[in-house]
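Heavy atoms only: backbone and side chains are in, while hydrogens, waters and symmetry mates are out. Order of the sequence lines fixes the chain letters, A, B, ..., with proteins taken first and strands second; residue numbering starts at 1 for each chain.
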Protein chains: 2
Amino acid sequence: MTVDLLFRRIDNLFTMQPDLGGGPLGRIEGAALGLIGGRVAWVGADRDAPDAAQVVDCSGMIGLPGLVDAHTHMVWAGSRAAEFEQRLGGAHYSEILEAGGGILSTVRATRAAGEGELRALAEDRLRRALAQGITTVEIKSGYGLDPVSEAKMLRVARAAGEAVGVRVLTTFLGAHAVPLEYRGRREAYVEHIIAEQLPAVVGLADFIDVYVDRGAFTLEEAERILRAGIAAGLRPRVHAEQVEYTGAAALAARLGATSADHLERLDQAGVEAMAAAGTVAVLLPGAMLYLRDSPPPVEALRAAGVPIALATDLNPGSSPVADLWTIATLGCLSLGLTVEEAVLGITRNAALALGRPALGHLGVGAAGDLILVRPPLGEPPLVSSLVQRLGGHRAEVVVRDGEILWRAPR
Amino acid sequence: MTVDLLFRRIDNLFTMQPDLGGGPLGRIEGAALGLIGGRVAWVGADRDAPDAAQVVDCSGMIGLPGLVDAHTHMVWAGSRAAEFEQRLGGAHYSEILEAGGGILSTVRATRAAGEGELRALAEDRLRRALAQGITTVEIKSGYGLDPVSEAKMLRVARAAGEAVGVRVLTTFLGAHAVPLEYRGRREAYVEHIIAEQLPAVVGLADFIDVYVDRGAFTLEEAERILRAGIAAGLRPRVHAEQVEYTGAAALAARLGATSADHLERLDQAGVEAMAAAGTVAVLLPGAMLYLRDSPPPVEALRAAGVPIALATDLNPGSSPVADLWTIATLGCLSLGLTVEEAVLGITRNAALALGRPALGHLGVGAAGDLILVRPPLGEPPLVSSLVQRLGGHRAEVVVRDGEILWRAPR
């Protein structure tokens, strides 16, 4: 066998495939990985490596699948720095939203922004993601809340991904908040989402999502919107059980959602419904930190065998956290995850949350998304060396679909 | 007046001098700042700027005094990544230390490391600090615990500072833990610190510090060690009230310490003693996050008028956090500080904690330490734009003592 591109002498390769041996993260010491046509064609011990057209030496480095950030709101304009100060002064996130601030202030700025400006902002954020080793990002709309602005956000998300090289999956979130022009007429806004926004975003979105919570949408409204989205060919996901318990996680499971996200107030019935349906729990420790919230029931999720993913929730208000490595560490410190669970949470399980089982691991046939990270000086080439330190890790090399997209400057 | 070096068109300069107007952070919009002979010679509105030999345009940037990291253990060898996993599994920091792990494992590695290896590690950490805008770092010994190794650590700290350009202040912390060879003979180890280590580090250390806590040193031992240090010309500081309440903060105040650090279990008497003596409270939200500890009594410190500083506590075990901007944000989210308190905590009050009142602010006569930071794309040029986001900020320009030490790569 001759591969196109061969990565040799990787100190430790974490394949995320325990079936390859090497514990829960499928670790191979002294590994090589070969790609053909953008996919993994060969993985194993370096001494057995096949011939290759091009070879990259990875001595001193840790190999991982490209990271997956499964929940972001990365397309926005405007600033919420003043709101941060308001919240430190004691105002609650839901109160600010009800007063027309929070999400609604970002809606004003995002509606007003031109497509070029929005793209420049999104590309800057995606370039920073890529430098960390993130090769796949989910981006939601939801700061437009009208047909034109929602479609604009989703177009920008895809175009920015194309420009930077990060794989972008898009989610239509017209049901993020009730815009001011529909204040007091939520029922009419739900109709508007289904009749006007949804047709405008078909072809631009992969998923549909609803924010089910106090100050946002009810369970019944969510079901109507999600069913309309499913009928239009979108896969469902749900913002569930964040501020108040609503039963949204069980709804997500019932509708075959790939994930239910947040889950700070998830109950045992919700856990069991998710486990039975194979719904991934996307946990967001950034929002928990910024909203000073209590953790979701990790022990119950673990006991029930629900796959756990971690994501930045990158947004300008409740989680202005761009660093997915920081999120992995917070997953350990704030949620009680093990290092292995945290790393699976930003790779394999994050890919499952996006319904993309070929991503987030490195067995033969998987997508050719590989990142190489140098451990901090003096640390062994293990994932615990990265997760132990709070953020700031940068990839040396990022490969997506078999193409080298990024090399750290020397 | 003609200045040597003039920084013009700074969008907002935060002088940390409220006497210059502009609120608690002494903000000047559209500012200029001039340096002569390494000190601030002129500061004010750009339209009134003096003539200059050299001019730097700072459009679009935020100006701040060089940041001060007032509490670190930045010189170490070895890895504590495995201990991180142990602690996630439920082991307590003090238990690990008592079992010969924790600090003692770093002592083994640091004793064994050559001076060149230690210097390479410290320089790497200092370069990362500089890129954030940190111009002054305090570095403690305490992983040597014998005369030769303690002196080695302090020499390395100073040499690394010289090499990188960061101003390093050093603290002798022979009383960090009882080394294995003195296990069960703490009294003899205290004698050893005073009779053997202290003479070996005079001339290499600016401060003396004692870790007063369960598993470490008692209040009485601390007083003997600190008084011996004071007699040898060192200024006292204290690791106080972290795991157990001991009265160490009041001792620090009584001995004229510049700071008492940690303070998670500080009581009201300690607060009042610190306030009366002008002792700075150095709070360490990184250690609080990693040890999953409760916060110190911030409201009582604030009410009593105790100056509050924030530091990384950068060390390989209880606070592997290198990013002082992240610490400022955690100061807001975990300790309840305002954005202004957090920024004063990494500038002016951090300088006071080190007994260096010419640092951490930018009035005429202050040290010529200036940093220029570009706000995240789309955010206004305010400190809240930086503190709101969790870490990752890099300085565009770093000036120390009037010399441009760092410019971000383009």
Looking only at non-hydrogen atoms, find the nearest pair between [X] and [Y] and report the distance.
X      : Y      : result
B:L390 : A:V321 : CB-CG2, 4.0 Å
B:S384 : A:E85  : CB-OE2, 3.4 Å
B:L377 : A:A120 : CD2-O, 3.7 Å
B:E379 : A:R80  : OE2-N, 4.3 Å

Practice problem: Pick whichever of B:E117, B:R128, B:E83, B:R389 has the most heavy-atom pairs under 4.5 Å with chain A. | Solution: B:R389
Practice problem: Flag the one option from B:T338, B:L337, B:L289 with the top tally of heavy-atom pairs under 4.5 Å to chain A. | Solution: B:L289
Self-check item: B:D323 CG to A:D323 CG distance, which is reported to the nearest 0.5 Å
Solution: 9.0 Å
Quiz prompt | A:F84 CZ to B:L333 CG distance, which is reported to the nearest 0.5 Å | solution = 4.5 Å
Quiz item: Mind checking which of residues 294-303 of chain B sit less than 4.5 Å from chain A, heavy atom to heavy atom?
Solution: none
Select one option (side chain, backbone, both, neither) describing which atoms of [X] are under 4.5 Å from chain B's heavy atoms.
X      : result
A:T326 : side chain
A:R87  : neither
A:P376 : neither
A:R292 : side chain
A:L386 : neither

Exercise. Pick one of side chain, backbone, both or neither for B:L330, based on which atoms fall under 4.5 Å of a heavy atom in chain A.
Key: side chain
Exercise. Name the region of B:P316, side chain, backbone, both or neither, that has any atom closer than 4.5 Å to a heavy atom of chain A.
Key: backbone
Exercise. Please check if atom CZ in A:R108 has more than 12 non-hydrogen atoms from other residues, nucleotides or ligands closer than 6.0 Å.
Key: yes
Quiz item: Who wins among A:G78, A:A82, A:A81 for the most heavy-atom pairs under 4.5 Å with chain B?
Solution: A:A81
Quiz prompt | Top of A:G378, A:C332, A:G392, A:S385 for chain B proximity - count of heavy-atom pairs under 4.5 angstrom | solution = A:C332
